[in-house]
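What follows is a short report on a single structure.
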Amino acid sequence: MQRNERLLSINKQYFNWSDQQVNDFRRKLLNWYDQEGRDLPWRRTKDPYKIWVSEIMLQQTQVSTVIPYYERFIEQIPTIKDLAVYPTEDLLNLWQGLGYYSRVRNMQIAAQQIVELYEGQMPNNMKELLTLKGIGPYTAAAIASMAYNIAEPAIDGNLMRVTARLFEIEEDISQPKSRKIFKDILDRLIDPDRPGDFNQALMDVGATIMTPSAHRPENHFLKEFDQSYQNHTSHLYPVKKKKTKQLQQEWLAYQIQNNRGHYLMRQHQVGELLEGLWHYPLVQLDLLALNNSKETKEAFFYTYLDEESIVAEEDAIIKLKNNFEITMKELSTPIQHIFSHRKWQVAVLPVRIEGSGQELLDYLQINDSSFTWVDPLSLGDYALSKLQIKLFDRLSE
DNA sequence: AAGCCGGGGTG
DNA sequence: CACCCAGGCTT
(Lines give C-alpha, C1' and ligand atoms only; values in the text may rest on other atoms or scores of the structure.)
Protein backbone atom coordinates (compact mmCIF):
# COMPACT_ATOMS: atom_id res chain seq x y z
CA MET A 1 0.00 0.00 0.00
CA GLN A 2 2.62 2.41 1.05
CA ARG A 3 4.73 1.42 -1.90
CA ASN A 4 1.86 1.89 -4.32
CA GLU A 5 1.28 5.42 -3.12
CA ARG A 6 4.94 6.14 -3.54
CA LEU A 7 4.95 4.76 -7.05
CA LEU A 8 1.89 6.78 -7.93
CA SER A 9 3.41 9.99 -6.69
CA ILE A 10 6.63 9.39 -8.57
CA ASN A 11 5.15 8.18 -11.83
CA LYS A 12 2.92 11.17 -12.26
CA GLN A 13 1.15 10.75 -15.57
CA TYR A 14 1.50 13.92 -17.56
CA PHE A 15 0.49 12.62 -20.96
CA ASN A 16 -3.23 12.08 -21.50
CA TRP A 17 -3.77 13.20 -25.07
CA SER A 18 -5.94 11.23 -27.45
CA ASP A 19 -4.58 10.06 -30.81
CA GLN A 20 -6.70 12.78 -32.35
CA GLN A 21 -5.04 15.46 -30.24
CA VAL A 22 -1.60 14.11 -31.08
CA ASN A 23 -2.39 14.27 -34.79
CA ASP A 24 -3.81 17.78 -34.48
CA PHE A 25 -0.71 18.89 -32.61
CA ARG A 26 1.64 17.48 -35.24
CA ARG A 27 -0.35 19.01 -38.07
CA LYS A 28 -0.51 22.46 -36.48
CA LEU A 29 3.14 22.41 -35.51
CA LEU A 30 4.41 21.33 -38.91
CA ASN A 31 2.10 23.67 -40.79
CA TRP A 32 3.47 26.52 -38.73
CA TYR A 33 7.01 25.33 -39.33
CA ASP A 34 6.45 25.16 -43.07
CA GLN A 35 5.19 28.76 -43.04
CA GLU A 36 7.17 30.40 -40.27
CA GLY A 37 10.18 28.19 -39.57
CA ARG A 38 13.57 29.86 -39.71
CA ASP A 39 15.53 29.50 -42.93
CA LEU A 40 18.91 28.26 -41.72
CA PRO A 41 21.82 27.03 -43.88
CA TRP A 42 21.90 23.53 -42.38
CA ARG A 43 18.20 23.07 -42.98
CA ARG A 44 18.77 23.03 -46.74
CA THR A 45 20.63 19.72 -46.63
CA LYS A 46 20.18 16.11 -45.66
CA ASP A 47 23.95 15.57 -45.58
CA PRO A 48 24.58 14.02 -42.15
CA TYR A 49 28.05 15.58 -42.05
CA LYS A 50 26.74 19.10 -42.46
CA ILE A 51 23.98 18.51 -39.94
CA TRP A 52 26.56 17.15 -37.53
CA VAL A 53 28.81 20.20 -37.92
CA SER A 54 25.89 22.53 -37.31
CA GLU A 55 24.72 20.62 -34.24
CA ILE A 56 28.15 20.64 -32.64
CA MET A 57 28.53 24.36 -33.30
CA LEU A 58 25.08 25.05 -31.89
CA GLN A 59 25.84 23.46 -28.53
CA GLN A 60 25.58 26.29 -26.01
CA THR A 61 26.02 28.77 -28.84
CA GLN A 62 23.42 30.99 -30.43
CA VAL A 63 22.24 30.62 -34.00
CA SER A 64 23.31 34.06 -35.18
CA THR A 65 26.83 33.42 -33.91
CA VAL A 66 27.06 30.04 -35.61
CA ILE A 67 25.99 30.91 -39.14
CA PRO A 68 29.23 32.54 -40.42
CA TYR A 69 31.37 29.89 -38.72
CA TYR A 70 29.27 27.15 -40.29
CA GLU A 71 29.52 28.56 -43.79
CA ARG A 72 33.29 28.93 -43.57
CA PHE A 73 33.80 25.51 -41.99
CA ILE A 74 31.79 23.64 -44.63
CA GLU A 75 33.57 25.52 -47.41
CA GLN A 76 37.01 24.66 -46.02
CA ILE A 77 36.19 21.11 -44.92
CA PRO A 78 33.40 19.72 -47.11
CA THR A 79 33.49 16.05 -46.09
CA ILE A 80 34.20 13.76 -43.16
CA LYS A 81 37.33 12.44 -44.85
CA ASP A 82 38.65 15.98 -45.21
CA LEU A 83 38.01 16.62 -41.54
CA ALA A 84 39.82 13.45 -40.48
CA VAL A 85 43.09 14.65 -42.03
CA TYR A 86 42.78 18.41 -41.59
CA PRO A 87 45.71 19.96 -39.70
CA THR A 88 44.59 20.37 -36.10
CA GLU A 89 46.07 23.85 -35.82
CA ASP A 90 44.09 25.09 -38.81
CA LEU A 91 41.05 23.41 -37.38
CA LEU A 92 41.29 25.41 -34.17
CA ASN A 93 41.74 28.50 -36.28
CA LEU A 94 38.42 27.87 -38.02
CA TRP A 95 36.83 27.51 -34.58
CA GLN A 96 38.47 30.56 -33.07
CA GLY A 97 35.94 32.66 -31.18
CA LEU A 98 33.28 29.97 -30.87
CA GLY A 99 34.50 28.70 -27.51
CA TYR A 100 34.39 25.17 -26.11
CA TYR A 101 37.33 24.17 -28.27
CA SER A 102 37.17 20.54 -27.20
CA ARG A 103 34.07 20.34 -29.38
CA VAL A 104 36.12 20.60 -32.57
CA ARG A 105 38.93 18.38 -31.31
CA ASN A 106 36.37 15.71 -30.44
CA MET A 107 34.78 16.18 -33.84
CA GLN A 108 38.05 15.41 -35.60
CA ILE A 109 38.56 12.30 -33.46
CA ALA A 110 35.05 11.20 -34.37
CA ALA A 111 35.78 11.83 -38.07
CA GLN A 112 38.79 9.54 -37.77
CA GLN A 113 36.61 6.94 -36.05
CA ILE A 114 34.13 7.18 -38.92
CA VAL A 115 36.86 6.76 -41.54
CA GLU A 116 38.35 3.74 -39.79
CA LEU A 117 35.17 1.94 -38.78
CA TYR A 118 32.49 3.09 -41.21
CA GLU A 119 34.40 3.79 -44.43
CA GLY A 120 33.87 7.50 -44.01
CA GLN A 121 30.07 7.19 -43.93
CA MET A 122 28.25 8.68 -40.94
CA PRO A 123 26.49 5.89 -39.01
CA ASN A 124 22.74 5.88 -39.54
CA ASN A 125 21.50 4.65 -36.18
CA MET A 126 21.48 5.88 -32.58
CA LYS A 127 23.61 3.09 -31.18
CA GLU A 128 26.57 3.70 -33.45
CA LEU A 129 26.20 7.48 -33.41
CA LEU A 130 26.49 7.43 -29.63
CA THR A 131 29.87 5.68 -29.81
CA LEU A 132 31.38 8.69 -31.59
CA LYS A 133 33.43 11.17 -29.60
CA GLY A 134 31.49 14.30 -28.72
CA ILE A 135 28.12 12.90 -29.79
CA GLY A 136 25.75 12.54 -26.86
CA PRO A 137 22.02 11.81 -26.69
CA TYR A 138 20.97 15.17 -28.06
CA THR A 139 23.32 15.31 -31.05
CA ALA A 140 22.76 11.65 -31.94
CA ALA A 141 19.01 12.21 -31.98
CA ALA A 142 19.37 15.37 -34.03
CA ILE A 143 21.43 13.62 -36.70
CA ALA A 144 19.26 10.49 -36.69
CA SER A 145 16.03 12.45 -37.09
CA MET A 146 17.19 15.13 -39.50
CA ALA A 147 19.46 13.10 -41.77
CA TYR A 148 17.87 9.66 -41.56
CA ASN A 149 14.21 10.30 -40.66
CA ILE A 150 14.44 8.26 -37.47
CA ALA A 151 11.70 9.09 -34.96
CA GLU A 152 13.96 10.15 -32.13
CA PRO A 153 13.25 13.35 -30.16
CA ALA A 154 16.29 15.66 -29.93
CA ILE A 155 15.84 16.79 -26.36
CA ASP A 156 17.64 20.04 -25.68
CA GLY A 157 16.88 23.02 -23.51
CA ASN A 158 14.26 24.26 -25.97
CA LEU A 159 12.31 21.02 -26.13
CA MET A 160 12.42 20.62 -22.37
CA ARG A 161 11.13 24.14 -21.82
CA VAL A 162 8.34 23.76 -24.37
CA THR A 163 7.33 20.32 -23.10
CA ALA A 164 7.47 21.42 -19.47
CA ARG A 165 5.07 24.25 -20.27
CA LEU A 166 2.71 22.19 -22.43
CA PHE A 167 2.27 19.59 -19.67
CA GLU A 168 3.16 21.59 -16.53
CA ILE A 169 5.98 19.18 -15.72
CA GLU A 170 7.19 19.58 -12.15
CA GLU A 171 10.42 17.63 -12.41
CA ASP A 172 13.64 19.62 -12.16
CA ILE A 173 15.10 19.79 -15.67
CA SER A 174 18.60 20.26 -14.27
CA GLN A 175 18.51 16.70 -12.94
CA PRO A 176 19.56 14.04 -15.46
CA LYS A 177 16.96 11.61 -14.17
CA SER A 178 14.17 13.96 -15.27
CA ARG A 179 15.13 13.33 -18.86
CA LYS A 180 13.05 10.14 -18.98
CA ILE A 181 9.85 12.09 -18.30
CA PHE A 182 10.50 14.28 -21.33
CA LYS A 183 11.56 11.41 -23.55
CA ASP A 184 8.45 9.36 -22.72
CA ILE A 185 6.20 12.25 -23.73
CA LEU A 186 8.14 13.28 -26.82
CA ASP A 187 8.41 9.68 -28.04
CA ARG A 188 4.64 9.73 -28.28
CA LEU A 189 4.40 13.20 -29.77
CA ILE A 190 7.06 13.06 -32.45
CA ASP A 191 5.76 12.76 -36.00
CA PRO A 192 7.10 9.50 -37.47
CA ASP A 193 6.67 10.87 -40.99
CA ARG A 194 8.73 14.05 -40.41
CA PRO A 195 10.77 13.54 -37.25
CA GLY A 196 13.55 15.94 -38.21
CA ASP A 197 11.13 18.72 -39.04
CA PHE A 198 9.19 17.97 -35.87
CA ASN A 199 12.31 18.44 -33.73
CA GLN A 200 13.32 21.62 -35.51
CA ALA A 201 9.79 22.98 -35.38
CA LEU A 202 9.69 22.54 -31.60
CA MET A 203 13.10 24.19 -31.34
CA ASP A 204 11.78 27.15 -33.31
CA VAL A 205 8.76 27.34 -31.02
CA GLY A 206 11.14 27.41 -28.06
CA ALA A 207 13.40 29.99 -29.68
CA THR A 208 10.73 32.37 -30.96
CA ILE A 209 7.52 31.89 -28.95
CA MET A 210 7.92 29.97 -25.73
CA THR A 211 11.20 31.67 -24.88
CA PRO A 212 12.78 31.64 -21.43
CA SER A 213 11.78 35.24 -20.81
CA ALA A 214 8.20 34.91 -22.11
CA HIS A 215 6.75 34.76 -18.63
CA ARG A 216 3.33 35.54 -19.91
CA PRO A 217 2.34 33.51 -22.94
CA GLU A 218 1.43 35.29 -26.11
CA ASN A 219 -1.71 34.33 -27.92
CA HIS A 220 0.25 31.59 -29.61
CA PHE A 221 -0.79 28.97 -32.12
CA LEU A 222 -0.32 26.03 -29.76
CA LYS A 223 -2.24 27.55 -26.85
CA GLU A 224 -5.01 24.96 -27.02
CA PHE A 225 -2.37 22.31 -26.27
CA ASP A 226 -0.55 24.41 -23.68
CA GLN A 227 -1.70 23.48 -20.18
CA SER A 228 0.38 26.22 -18.56
CA TYR A 229 -1.19 28.76 -20.90
CA GLN A 230 -4.66 27.62 -19.90
CA ASN A 231 -3.73 27.85 -16.21
CA HIS A 232 -1.70 31.08 -16.40
CA THR A 233 1.34 29.30 -15.02
CA SER A 234 3.80 29.52 -17.89
CA HIS A 235 6.17 31.62 -15.82
CA LEU A 236 6.61 28.65 -13.44
CA TYR A 237 8.01 26.30 -16.07
CA PRO A 238 10.41 24.72 -16.65
CA VAL A 239 11.26 23.94 -13.03
CA LYS A 240 14.99 24.35 -12.64
CA LYS A 241 16.92 24.15 -9.42
CA LYS A 242 18.89 27.26 -8.65
CA LYS A 243 22.63 26.79 -8.80
CA THR A 244 23.11 28.29 -5.39
CA LYS A 245 21.30 25.62 -3.46
CA GLN A 246 19.18 27.16 -0.73
CA LEU A 247 18.28 25.26 2.36
CA GLN A 248 15.55 27.77 2.85
CA GLN A 249 12.59 29.02 0.87
CA GLU A 250 12.26 32.61 -0.23
CA TRP A 251 9.01 34.53 -0.15
CA LEU A 252 7.88 37.99 -1.03
CA ALA A 253 5.15 39.69 1.00
CA TYR A 254 3.21 42.43 -0.79
CA GLN A 255 2.33 45.30 1.50
CA ILE A 256 -0.33 46.81 -0.70
CA GLN A 257 -1.91 49.99 0.60
CA ASN A 258 -4.81 52.00 -0.81
CA ASN A 259 -5.53 55.70 -0.43
CA ARG A 260 -7.27 55.13 2.91
CA GLY A 261 -4.25 53.42 4.39
CA HIS A 262 -5.94 50.02 4.32
CA TYR A 263 -3.90 46.92 3.58
CA LEU A 264 -4.75 44.19 1.12
CA MET A 265 -4.73 40.92 3.03
CA ARG A 266 -5.38 37.32 2.23
CA GLN A 267 -6.61 34.45 4.40
CA HIS A 268 -4.64 31.26 3.81
CA GLN A 269 -6.86 28.46 2.55
CA VAL A 270 -7.17 24.79 3.36
CA GLY A 271 -3.99 23.00 2.34
CA GLU A 272 -1.78 26.04 2.69
CA LEU A 273 0.62 26.55 5.52
CA LEU A 274 -0.81 28.78 8.29
CA GLU A 275 -4.35 27.90 7.23
CA GLY A 276 -7.02 30.36 8.27
CA LEU A 277 -4.58 33.08 9.30
CA TRP A 278 -4.40 36.45 7.57
CA HIS A 279 -1.28 37.73 5.85
CA TYR A 280 -0.03 40.18 3.36
CA PRO A 281 -0.35 38.37 0.04
CA LEU A 282 2.66 36.06 -0.16
CA VAL A 283 4.35 34.62 -3.21
CA GLN A 284 7.01 31.95 -3.01
CA LEU A 285 10.00 32.73 -5.21
CA ASP A 286 10.83 29.23 -6.38
CA LEU A 287 12.40 30.40 -9.57
CA LEU A 288 13.01 34.06 -8.96
CA ALA A 289 15.62 35.69 -6.75
CA LEU A 290 14.77 37.85 -3.78
CA ASN A 291 15.89 41.07 -5.42
CA ASN A 292 14.47 44.17 -7.00
CA SER A 293 14.20 42.73 -10.50
CA LYS A 294 11.07 43.44 -12.47
CA GLU A 295 10.12 39.75 -12.59
CA THR A 296 10.31 39.38 -8.84
CA LYS A 297 8.25 42.47 -8.16
CA GLU A 298 5.57 41.41 -10.61
CA ALA A 299 5.30 37.83 -9.37
CA PHE A 300 2.20 38.52 -7.32
CA PHE A 301 0.26 40.05 -10.18
CA TYR A 302 1.04 37.21 -12.54
CA THR A 303 0.12 34.70 -9.86
CA TYR A 304 -3.25 36.17 -9.02
CA LEU A 305 -4.39 38.27 -11.97
CA ASP A 306 -5.61 37.09 -15.35
CA GLU A 307 -3.39 38.35 -18.10
CA GLU A 308 -6.33 40.16 -19.66
CA SER A 309 -6.42 42.44 -16.64
CA ILE A 310 -2.89 43.67 -17.23
CA VAL A 311 -2.64 46.10 -20.09
CA ALA A 312 0.86 47.50 -19.60
CA GLU A 313 3.91 47.25 -17.43
CA GLU A 314 6.81 49.57 -16.90
CA ASP A 315 9.71 49.63 -14.49
CA ALA A 316 7.85 49.97 -11.22
CA ILE A 317 4.33 50.42 -12.52
CA ILE A 318 1.69 47.97 -13.67
CA LYS A 319 -1.37 49.27 -15.41
CA LEU A 320 -4.66 47.43 -15.32
CA LYS A 321 -7.76 48.06 -17.36
CA ASN A 322 -9.46 51.43 -16.74
CA ASN A 323 -6.03 53.08 -16.45
CA PHE A 324 -5.65 51.71 -12.94
CA GLU A 325 -2.04 51.99 -11.83
CA ILE A 326 -0.02 50.04 -9.30
CA THR A 327 3.31 51.50 -8.15
CA MET A 328 5.93 49.29 -6.53
CA LYS A 329 8.84 50.44 -4.41
CA GLU A 330 11.95 48.57 -3.25
CA LEU A 331 12.11 45.32 -1.33
CA SER A 332 12.90 45.46 2.36
CA THR A 333 15.77 43.49 3.82
CA PRO A 334 14.40 39.95 4.25
CA ILE A 335 13.48 38.66 7.67
CA GLN A 336 13.86 35.03 8.63
CA HIS A 337 11.00 32.93 9.91
CA ILE A 338 11.65 29.42 11.17
CA PHE A 339 9.03 26.68 11.14
CA SER A 340 9.54 23.18 12.48
CA HIS A 341 10.43 21.91 9.02
CA ARG A 342 11.58 24.89 6.99
CA LYS A 343 13.16 28.31 7.07
CA TRP A 344 11.61 31.19 5.21
CA GLN A 345 13.32 34.31 4.04
CA VAL A 346 10.59 36.91 3.62
CA ALA A 347 11.04 40.35 2.12
CA VAL A 348 8.35 43.03 2.07
CA LEU A 349 7.57 44.95 -1.09
CA PRO A 350 5.61 48.17 -0.44
CA VAL A 351 3.03 48.88 -3.11
CA ARG A 352 0.81 51.93 -3.52
CA ILE A 353 -2.34 51.97 -5.52
CA GLU A 354 -4.71 54.71 -6.55
CA GLY A 355 -8.13 55.07 -4.99
CA SER A 356 -9.90 52.56 -2.81
CA GLY A 357 -8.56 49.53 -4.61
CA GLN A 358 -11.99 48.11 -5.32
CA GLU A 359 -11.00 47.47 -8.94
CA LEU A 360 -7.98 45.46 -7.85
CA LEU A 361 -10.09 43.44 -5.45
CA ASP A 362 -12.59 42.75 -8.22
CA TYR A 363 -9.84 41.47 -10.48
CA LEU A 364 -8.33 39.33 -7.73
CA GLN A 365 -11.63 37.79 -6.75
CA ILE A 366 -12.11 36.39 -10.21
CA ASN A 367 -9.61 33.71 -9.19
CA ASP A 368 -9.41 33.82 -5.43
CA SER A 369 -12.03 35.07 -2.98
CA SER A 370 -9.75 35.07 0.04
CA PHE A 371 -8.60 38.70 -0.35
CA THR A 372 -9.95 41.74 1.44
CA TRP A 373 -9.00 45.29 2.40
CA VAL A 374 -8.24 45.67 6.10
CA ASP A 375 -8.23 48.87 8.13
CA PRO A 376 -5.15 48.76 10.39
CA LEU A 377 -7.36 49.94 13.26
CA SER A 378 -9.47 46.78 13.04
CA LEU A 379 -6.59 44.33 12.80
CA GLY A 380 -7.66 42.93 16.16
CA ASP A 381 -10.57 41.28 14.37
CA TYR A 382 -8.23 39.17 12.24
CA ALA A 383 -6.18 36.13 13.22
CA LEU A 384 -2.57 36.81 12.34
CA SER A 385 0.43 34.52 12.27
CA LYS A 386 3.65 35.24 14.08
CA LEU A 387 5.18 35.77 10.69
CA GLN A 388 2.68 38.47 9.79
CA ILE A 389 3.20 40.21 13.12
CA LYS A 390 6.91 40.31 12.40
CA LEU A 391 6.16 41.83 9.02
CA PHE A 392 4.03 44.58 10.66
CA ASP A 393 6.83 45.25 13.14
CA ARG A 394 9.24 45.70 10.30
CA LEU A 395 6.84 48.23 8.80
CA SER A 396 6.79 50.38 11.92
CA GLU A 397 10.57 50.37 12.37
C1' DA B 1 25.57 13.96 -9.65
C1' DA B 2 28.61 17.77 -9.98
C1' DG B 3 32.30 20.55 -12.11
C1' DC B 4 34.14 22.13 -16.17
C1' DC B 5 34.45 24.20 -20.67
C1' DG B 6 33.93 29.91 -23.30
C1' DG B 7 32.09 33.33 -25.71
C1' DG B 8 28.09 36.23 -26.72
C1' DG B 9 23.40 38.05 -25.86
C1' DT B 10 19.87 39.78 -22.70
C1' DG B 11 17.26 42.20 -18.90
C1' DC C 1 25.65 41.66 -12.69
C1' DA C 2 23.00 37.04 -13.26
C1' DC C 3 21.25 34.14 -16.29
C1' DC C 4 20.72 31.83 -20.72
C1' DC C 5 22.13 29.43 -25.02
C1' DA C 6 20.48 23.34 -30.55
C1' DG C 7 25.60 19.58 -24.43
C1' DG C 8 29.08 16.42 -23.48
C1' DC C 9 33.14 14.82 -21.01
C1' DT C 10 35.61 13.79 -16.83
C1' DT C 11 35.84 12.92 -12.13
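These numbers come from the heavy atoms of this one structure, side chains and all, not from hydrogens, waters or symmetry mates. Note on naming: letters A, B, ... go to the chains in the order of the sequence lines (proteins, then strands), and numbering restarts at 1 for each one.
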With C1' as the reference atom in both, quote the distance from C/dC5 to B/dG6 in angstrom, rounded to an integer. 12 Å
Under a 4.0 Å N-O cut-off, is there an ion pair linking A/Lys50 with A/Glu55?
no
Looking at A/Asp204 and A/Arg43, is any side-chain nitrogen of the basic one under 4.0 Å from a carboxylate oxygen of the acidic one? yes
Answer with base, sugar-phosphate or nothing: what part of the nucleic acid does A/Leu40 contact at a heavy-atom distance below 4.0 Å? base
### Message
Using a strict threshold of under 4.0 Å (side-chain N to carboxylate O), is an ion pair present between A/Arg27 and A/Asp24?
### Response
yes
message = At 4.0 Å (heavy atoms only), tell me whether A/Val66 reaches a base, stays on the sugar-phosphate, or touches nothing.
response = nothing
Separation of C/dC5 atom C1' from A/Asp204 atom CG, nearest Å, is 15 Å
Here the distance between atom C1' of C/dA6 and atom CG of A/Leu98, to the nearest Å, is 13 Å
Does the pair A/Lys297/A/Glu330 count as a salt bridge with the N-to-O cut at 4.0 Å? yes
* Quick one: label A/Gly206 by what it contacts on the DNA or RNA (base, sugar-phosphate, nothing), any heavy atom closer than 4.0 Å. => nothing
**Asked** Within the distance-only criterion (no hydrogens, no angle test), does the side chain of A/Lys46 pair as donor or acceptor with the backbone N or O of A/Met146 below 3.5 angstrom?
**Response** yes
Between the side chain of A/Ser174 and the main-chain N/O of A/Asp172, is any donor-acceptor distance below 3.5 Å?
no
Pick base, sugar-phosphate or nothing for A/Ser64, based on heavy-atom distances below 4.0 Å to the nucleic acid.
-> nothing
Between CD1 of A/Ile173 and C1' of C/dC4 the distance, given in whole Å, is 11 Å
Q. Where the side chain of A/Arg103 meets the backbone of A/Gly99, is there a donor-acceptor pair that is under 3.5 Å apart?
A. yes
Self-check item: Rounded distance in Å between the P positions of B/dG11 and C/dA6
Solution: 15 Å
Do A/Val346 and A/Leu252 have side chains that get closer than 4.5 Å, going by heavy atoms? no
Rounded to whole Å, the OH-P distance (A/Tyr100 to C/dG7) equals 10 Å
Sorted by position of nearest nucleotide on DNA chain B, 5' first, the leading residue of A/Gln59 and A/Gln62 is A/Gln59
Partner of A/Val66 under side chain to side chain contact (heavy atoms under 4.5 Å, CB included), picked from A/Leu58, A/Leu40, A/Val53, is A/Leu58
From CG of A/Asp156 across to P of C/dC4 the rounded distance in Å is 15 Å
Touch check for A/Arg43, heavy atoms < 4.0 angstrom, all strands: base, sugar-phosphate only, or nothing? base
Tabulate protein N/O versus nucleotide N/O from nucleotides 9-11 of chain C, keeping only pairs under 3.5 Å, one per line.
from	atom 1	to	atom 2	distance (Å)
C/dC9	OP1	A/Gly134	N	2.8
C/dT10	OP1	A/Lys133	NZ	3.1

Here the distance between atom P of C/dA6 and atom CG of A/Leu186, to the nearest Å, is 15 Å
A/Met107 atom CE is separated from C/dG7 atom C1', nearest whole Å, by 14 Å
How would you label the contact of A/Arg105 with the nucleic acid (heavy atoms, under 4.0 Å): base, sugar-phosphate, or nothing? nothing
>> Whether the side chain of A/Ser332 engages the backbone of A/Val348 through a donor-acceptor N/O pair (distance < 3.5 Å, no angle test) should be reported.
In response: yes
So the contacted stretch of DNA chain B, first to last nucleotide with an atom under 4.0 Å from a non-hydrogen atom of chain A, runs from B/dA1 to B/dG11
Indicate, with a heavy-atom threshold strictly under 4.0 Å, whether A/Trp95 touches base, sugar-phosphate, or nothing. nothing
Considering only heavy side-chain atoms of A/Lys240, the closest of C/dA6, C/dC4, C/dG7 is C/dC4
Note to self: Under 4.0 Å from OP1 or OP2 of C/dA6: is there any side-chain N or O of A/Thr61 that close?
What the structure shows: no
inquiry  = Check this for me: does any side-chain nitrogen of one of A/Arg194 and A/Asp34 sit under 4.0 Å from a carboxylate oxygen of the other?
reply    = yes
Here the distance between atom P of C/dG8 and atom CZ of A/Arg103, to the nearest Å, is 11 Å
The nucleotide from C/dC5, C/dG8, C/dA6 with an atom nearest the side chain of A/Met203 is C/dA6
